[in-house]
Amino acid sequence: RIQREQPDLVREVADLVHARGPMTATDLEAAFSHVDRGTKEHWGWNWSAVKRSVEYLFWAGEITSAGRDSSFRRRYASPDAVLPGAVLRMPTPTPAEAHRELVQIAARALGVATLPDLADYFRMPPAATRTAVHGLLGRAPGHGRQQRVAFAVAQRRRVDLVTLGRAHPALGRQHHG
């Protein structure tokens with residue numbers, strides 16, 4: 001919404017972060033002190049237009065995080081100031097490729113997981129996670145008798161997928177996923 005309502009401010013915030021290097025939202029607020037900070041109607045998240053701009057740029061991937069300061073405030077920076085050139089030159093993955101990679105990372109981290117566990121790890125949509133799992137299994141998504149999918153993670157980047165049916169001898173009980 002901020003991009004539609006105040007595109008000039010968003011561009012100015014991006015330009016300043018790119019020019020100055022790592023900056024917190026507090027630093028940006030000081031640099032843009034002429035911009036109305038809005039009202040503090042509630043105790044919660046009362047983000048100013050500057051804070052909404054920097055968070056939009058972070059969400060869009062135009063800027064990234066260079067870590068946090070001692071007060072745990074995110075330090076925003078240009079990707080080329082933080083990431084190695086080889087990473088920046090890599091092609092952007094398709095959404096399907098990205099979901100498969102995120103599912104593999106989640107599987108390695110969790111070891112054994114249900115589909116909802118895998119989706120929740122990176123807050124991915126369940127349908128995209130299911131499609132990624134089926135892609136990793138080498139078959140089209142469907143609504144067969146599959147109740148749960150467990151991931152047994154092997155060495156390196158390879159992920160072994162094991163489908164558990166209604167009754168699995170090792171578990172000794174019925175599953176009604």
| task | Answer yes if the side chains of Gln6 and Ser53 hold a donor-acceptor pair under 3.5 Å, and no otherwise. | result |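 No, no side-chain donor-acceptor pair sits under 3.5 Å.
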For [X] versus [Y], what's the shortest heavy-atom pair and its separation?
X      : Y      : value
Val50  : Leu9   : N-CD2, 4.2 Å
Pro7   : Arg4   : CD-O, 3.7 Å
Ala31  : Arg20  : CB-NH1, 4.2 Å
Ala106 : Phe122 : N-CE1, 4.1 Å
Ala14  : Glu62  : CB-OE2, 3.6 Å
Ser78  : Val17  : N-CG1, 4.0 Å

Between the side chain of [X] and the main-chain N/O of [Y], is any donor-acceptor distance below 3.5 Å?
X      : Y      : answer
Ser71  : Arg73  : no
Asp120 : Arg123 : no
Arg11  : Asp8   : no
Asp117 : Thr114 : yes
Arg75  : Ala66  : yes
Glu97  : Thr94  : yes

Co-membership, hydrophobic cluster, residues [X] and [Y], 4.5 Å side-chain:
X      : Y      : value
Ile2   : Leu16  : yes
Leu136 : Ile105 : yes
Tyr56  : Phe32  : yes

What distance do [X] atom [atom1] and [Y] atom [atom2] have between them, rounded to the nearest 0.5 Å?
X     : Y     : atom1 : atom2 : value
Thr64 : Tyr76 : OG1   : OH    : 10.5 Å
Trp59 : Arg52 : CH2   : CZ    : 15.5 Å
Thr26 : Lys51 : OG1   : NZ    : 8.0 Å
Ile63 : Met23 : CD1   : CE    : 10.0 Å
Leu83 : Arg89 : CG    : CZ    : 11.5 Å
Thr24 : Glu29 : OG1   : CD    : 9.0 Å

| said: Is any side-chain heavy atom of Leu88 closer than 4.5 Å to one of Pro79? | reply: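 Yes. Closest side-chain heavy atoms under 4.5 Å.
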| message | Any heavy-atom pair between the side chains of Val87 and Pro84 that's under 4.5 Å? | response |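 In short, these two side chains touch, coming nearer than 4.5 Å.
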